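Working notes for the structure below.
The figures here come from the full heavy-atom set of this structure, side chains too, leaving out hydrogens, waters and symmetry mates. Just so you know, these numbers come straight off a predicted model, no measurement behind them.
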Amino acid sequence: MVEATGTVAEGEHGPELVFQRVYDAPVATVWAYVAESDKLETWIGRWETEEPTGRVLFSMTAESDEAEAAECLVRYCSPPHRLVVDSRTPSGTWHLSLGIQTTPHGTVLTFAQRLGADDIGSIGPGWDYYLDRLSAVLGGESASDIDWDDYYPALSDHYAALAPEGGVAPNPPQDGLEH
């Protein structure tokens, strides 16, 4: 049985859904699995850069090789410790951040998504699913052993209960990403 691991915390720009994972792997290895397309594709998707514009696209290929690419704006990148990205989705812009640090307990990855109008009851299970796929790969197992049906709708009620009272405002468009 899978567990819901996300929590809601107040971020710099409002409430965020936050996840943490601890890995027995060096920071550089964890970074490689979120920043390098060939490794990223083993658990979630791939980055592509369109030349000559430098436009960054992300395709979530874990379910389908035909996944539609989302345009991303890299707001901040400090390898191998911090990445902040805005990703345009059909429902609006997702503001995503991750941090990677070494602790006495291992390498900690902290992932956050700023909450907007999207349904936290589906977003939460989705990120648990993908981060568990990353954990599997970093642990030497196959991401395909992780089954989406174990996460959704099983974890939906837990995440829906975390939604801030009164909801949150839709994520406004950010510079560089048109809607």
Give every residue pair that meets the side chain to side chain donor-acceptor pair (under 3.5 Å) criterion with at least one member in [range], sequence neighbours excluded.
range	result
residues 99-110	Q20-T110
residues 7-18	none
residues 123-132	T5-D128, R21-D128, R21-D132, E63-Y130, Q113-W127, D128-Y159, Y129-R133, D132-Y151

Taking only residues two or more places apart in sequence or in another chain, which ones pass side-chain contact (heavy atoms from CB on, under 4.5 Å) with [X]?
X	answer
A69	L57, S59
A32	E36, K39
D119	S122
P26	T29

Hphob cluster co-occupancy, [X] + [Y], side-chain heavy atoms under 4.5 angstrom:
X	Y	result
M60	Y152	yes
V2	W148	yes
V34	V56	yes

Quick one: do I146 and W43 satisfy side chain to side chain contact (heavy atoms under 4.5 Å, CB included)? Show the steps, please.
CA-CA 10 Å; I146 307 298; W43 65 277; over 6 Å; no

For the atom pair [atom1] ([X]) and [atom2] ([Y]), what is the distance rounded to the nearest 0.5 Å?
X	Y	atom1	atom2	answer
I100	Y23	CD1	OH	9.0 Å
T93	L73	OG1	CG	9.5 Å
L134	L40	CG	CG	9.0 Å
C72	L96	SG	CG	7.5 Å
L98	F19	CG	CZ	13.0 Å
E71	T89	CD	OG1	12.5 Å

So for atom CG, which belongs to D24, do other residues, nucleotides or ligands contribute more than 12 heavy atoms lying within a distance under 6.0 Å?
no

Using a cut-off of 6.0 Å, state whether more than 12 heavy atoms not belonging to E68 lie near its atom CD.
no

Kindly give the heavy-atom pair with the smallest separation between [X] and [Y], and that separation in Å.
X	Y	result
P164	L115	CD-CD1, 3.9 Å
V84	S97	CG2-CB, 3.9 Å
I120	A163	CG2-CB, 3.8 Å
P15	V8	CB-CG1, 4.2 Å
G121	S156	O-OG, 2.9 Å
G124	L17	CA-CD2, 3.7 Å

Identify, with sequence neighbours excluded, every residue that meets side chain to side chain donor-acceptor pair (under 3.5 Å) alongside S144.
S142

Salt bridge (Lys or Arg N to Asp or Glu O under 4.0 Å) involving R82 - partner list, sequence neighbours excluded:
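Counting only residues at least two positions away or on another chain, R82 forms no salt bridge (Lys or Arg N to Asp or Glu O under 4.0 Å).
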
All salt bridge (Lys or Arg N to Asp or Glu O under 4.0 Å) counterparts of E48, not counting sequence neighbours
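So E48 forms a salt bridge (Lys or Arg N to Asp or Glu O under 4.0 Å) with R46.
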
Close side-chain approach of W94 and I123, heavy atoms under 4.5 Å:
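The answer is yes; the side chains approach within 4.5 Å.
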
Enumerate the residue pairs fulfilling ring-ring contact (aromatic ring centres under 6.0 Å, His included) with a member in residues 48-85, sequence neighbours excluded, ordered by first and then second residue.
W47-F58

Taking the hydrophobic residues Ile, Leu, Val, Met, Phe, Trp and Tyr, and joining any pair whose side-chain heavy atoms are under 4.5 Å apart, which ones share a cluster with V18?
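In the cluster with V18 there is nothing else; it is isolated.
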
